[in-house]
Amino acid sequence: MISFELSDEQKMVRDTVAGFAGNEVRPAARASDETGVIPFELLSKAWDLGLVRGCLPENVGGYGDPRIAVTGAIVAEELAYGDLSFAVHALAPRLLAFPVLEMGTEEQQHRCLSPLAGDQFVAATAALMEPYFDFDPVEMRTTVLRSGGDYVITGVKCCVPLAMESETLLTYVSASTKDGLSPVEAFLVPRNAEGVRISEREKHMGLKAVATYEVLFEHCRVTSENRLGGERGINFARLLSESRVAMSAMAVGVARAAFEYARDYAKERKAFGVPIATKQAIAFMLADMAIEIDAMRLLTWEAASWLDKGLDALKESSQARNYAASAALTVADNAVQVLGGHGYIREHPVEMWLRNARLFGVIEGVAIV
Amino acid sequence: MIDFELEPQIVKLLSVYHATAENLMRPISRRYDEHEHEEPWEFWNAIWSASRNRSAQGVEPPPASARNLFTCLTTEELCWGDAGLFLSIPNPGLGGAAVAAAGTPEQRARFLSRFRDGKPKWAAMAITEPGCGSDSAAISTTARREGDHWVINGTKIFCTAGLMSAEKSEGFVVVWASVDRNAGRAGIKPFVVEHNTPGMTVVRVENKLGIRASDTAMLSFEDCRVPLDHLLGSPEVTPEGGFKDVMATFDATRPIVAAMAIGVGRAALDFVREFFQRNNVPVRYGISTRRQTAIERDFIEMETQLKAARLLTWRAAWMLDAGLRNSLEASMAKAKAGRVVTLITQKAVELLGPLGYSRKELVEKWMRDAKINDIFEGTQQINLLIIARRILGYSSKELN
């Protein structure tokens, strides 16, 4: 039955995360962007909210909360509303945890999830993107071949968050059906494995506080127990959908941050003796931004709710993500425009949100619900 | 809990409406577009008796808790068939909506019971005037009290189903008129004027860009006398009275207009999709946008925009059903749907090239039909104004 109402628990989660994001994450965002570092103390606080550990099963030390994509979208939006860099960094361990939780073998769950169930933030990550303009997750150039009982991975990945500090890189690769594999497989590659080379930290226009890396796989040999899901492999379409939902949710957060700032500024800033928000040229921009933010969120929740029903949501999540990517950029751009020259100055955060909003149409796979 | 899945029972009911759209509306769609002002009585009689039968058999479902949402859903289905014919369907229409929103329970019973049986009937709402559209507070039609009657004078335009309501059925027109011109919007009140009341005349029926099957009338009122109890609600002029009722009507009707737009947009999209399938033009969803063709990107964009509009519309209707104030969300739905469907249908014509432009197919008609949704029940701009006031916390004095 159609409903647009969050459950009481979701409202509670939203309020808790929103409070943290607004009061603690946002004030640190500019400094993080300039220095490229997120204070560890803040990551610890986010960790204490159980954002990663909560959904892990009790037998590995988690709380055993149900994993709900709509709730995940709410969390991602609120954290990104505080700061996109922070959201990606704090939630990066989910990039490993959730696919293993959903599709890993029992042994893999125990091996990979136990370290993420401790009291301190532990970095973890996944490698999906590749450094090609026409990168497409359904046709990746990083490949895997069977070699005896092992697997050999070759290729280049980019935009891998926290690669340097993560023990395991969950690496997505193209595989051949001739090898008895699915078109896309995922491998738990130890960072120290032979043939893994992590480049210098990447430099991006946005998402500047998250350390991301290019990772080279040169005939990197991994054993069969590192094939995610074992002989069953993975349901990549589902993981991709979960990633796209997370990315759209974060896009909503960034757009909302930019919109609210521009709205408040427009009510304060005077021109010709009146607040600029009383001029239709500005007011209509803000109205459009508000519509787009709600539209993005509803598309995101729709895709998320299909996931929660266990249904295929590749189309819905792709639509949501493409829509959100484009709308977030427009909203952030308009926010800069509302502030005029001041929007271009780094004293105000809107230019940072414009840089961050550009991420969504370009990069995939740095978040998951 | 967030849920976007329609119940099977609702889906089943919608298929009945879809069959009506497909079998009763589509086949005559072109005819009543090309022959404006002809009256599709066969269709009207069929749909009138079908819906009377449904209510008699107790089939009409909508539980009160989903009434507005259900109306949006059926509206989308029927406008997928034909938006002009949909607007021409004999029913209480906007006149009925005004009675429901502003009338007392006694008035509702008195004016609306006629729609239960007998011959097809219409009711219309007359608010726009030659000198005022969106600025409804500037209404110059007056109602002055004379003994036990109100005497109405003025001219109304753009009155949907005005001809059928005023002259050609046992219907009525709800006329918004000022009882005290010095009181501004507070003085504006709705009056029920019964069909063929002396003093009310249909001056002309407009020729339009689209929705041609629906009559759009200009009505004049010259010393048109109606009984005192035809004023809906309270005659008292209070600051919060009167115009508030117009707005309350809009909260319910804007999502419906949005749903109308969505029905037309879906018709165009379905046509394009089937055309692509027949001609082996692929549309690939999961792949990177940088590998998609321009056509794929356009088509997926159109689909997503339509869905965004639909979700905003469902939300506005759902809020109303849940008893929540929805003025902001209703305007958002209306503004979004009116705009995107205008663009979607224009793009559909473009994607189909000469086939889209040709009157052999209905796509060009849908483009013409779609445009009205960005205009009536509050233009795009008026809805943006309402949204802006809400999100900024401004009154109409502060932001105008």
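Chain identifiers are assigned alphabetically (A, B, ...) following the order of the sequence lines, protein sequences preceding nucleic acid strands; residue numbering begins at 1 within each chain.
- The existence of a salt bridge linking B:E303 and A:K315 is confirmed by a sub-4.0 Å separation between a basic side-chain nitrogen and an acidic carboxylate oxygen.
- Using a 4.5 Å heavy-atom threshold, the side chains of A:M1 and B:L6 count as separate.
- With salt bridges taken as basic N to acidic carboxylate O contacts below 4.0 Å, one links B:D3 and A:K309.
- Using a distance-only test at 3.5 Å, with no hydrogens or angles considered, no donor-acceptor pair links the side chain of A:Q319 to the main chain of B:I300.
- Contacts between A:S305 and chain B at a heavy-atom distance below 4.5 Å involve the side chain alone, from C-beta outward.
- Residues A:F284 and B:Q381 approach most closely at CZ-O, 3.4 Å, considering heavy atoms.
- Each of A:L299, A:D8, A:L240, A:V138 has some count of heavy-atom pairs under 4.5 Å with chain B, and the biggest count is that of A:L299.
- Of the atoms belonging to A:L314, it is side-chain heavy atoms, and not backbone ones, that fall under 4.5 Å from chain B.
- How far CE of B:M319 is from CZ of A:F4: 10.0 Å, rounded to the nearest 0.5 Å.
- The part of A:F259 that comes within reach of chain B is its side chain, from C-beta onward, which places non-hydrogen atoms under 4.5 angstrom from that chain.
- Heavy-atom pairs under 4.5 Å with chain B were tallied for A:P275, A:A277, A:S7; the largest tally goes to A:A277.
- Heavy-atom neighbours of A:K11 NZ from other residues, nucleotides or ligands within 6.0 Å: above the threshold of 12.
- Contact annotation for B:R339: only side-chain heavy atoms (C-beta onward) come within less than 4.5 Å of a heavy atom of chain A.
- Here A:R297 contributes atom CZ and B:L312 contributes atom CG; the two are 10.5 Å apart, rounded to the nearest 0.5 Å.
- Counting heavy-atom pairs closer than 4.5 Å to chain A, the top residue among B:E5, B:R290, B:M1 is B:E5.
- Interface remark: of the candidates A:E364, A:R321, A:E292, A:E292 forms the most heavy-atom pairs closer than 4.5 Å to chain B.
- Rounding to the nearest 0.5 Å places CH2 of B:W318 at 11.0 Å from CD1 of A:I2.
- Chosen from B:L69, B:I387, B:T304, the residue pairing most often with chain A at heavy-atom distances under 4.5 Å is B:T304.
- Counting all heavy atoms, side chain and backbone alike, A:E302 lies closest to B:L311 at CB-CD1, 4.1 Å.
- For the pair B:R291 and A:D136, the salt-bridge criterion is met [side-chain N within less than 4.0 Å of a carboxylate O].
- Between B:K336 and A:D288, no side-chain nitrogen of the basic residue sits less than 4.0 Å from a carboxylate oxygen of the acidic one, so the salt-bridge criterion is not met.
- Heavy atoms closer than 4.5 Å to chain A are found nowhere in B:E329, neither backbone nor side chain.
- Summarising the local packing, CD of A:Q337 is surrounded by 12 or fewer heavy atoms from other residues, nucleotides or ligands at distances under 6.0 Å.
- Considering CD1 of B:I2 and CH2 of A:W301, their distance stands at 4.5 Å, rounded to 0.5 Å.
- With chain A as the partner, the residue from B:E301, B:K307, B:E7, B:R297 showing the most heavy-atom pairs under 4.5 Å is B:K307.
- To the nearest 0.5 Å, the span separating CG on B:L399 from NZ on A:K279 amounts to 10.5 Å.
- Remark: B:S288 OG to A:Y132 OH distance equals 14.5 Å, nearest 0.5 Å.
- Counted within 6.0 Å of CD on A:E139, heavy atoms from surrounding residues, nucleotides or ligands total 12 or fewer; the atom is thus considered open.
- With chain A as partner, the option from B:N400, B:I386, B:L385, B:T289 having the largest number of non-hydrogen pairs under 4.5 angstrom is B:L385.
- With a 4.5 Å cut-off on non-hydrogen atoms, A:E9 does not touch chain B at all.
- Only the side chain of A:N322 comes within less than 4.5 Å of a heavy atom in chain B; its backbone stays farther off.
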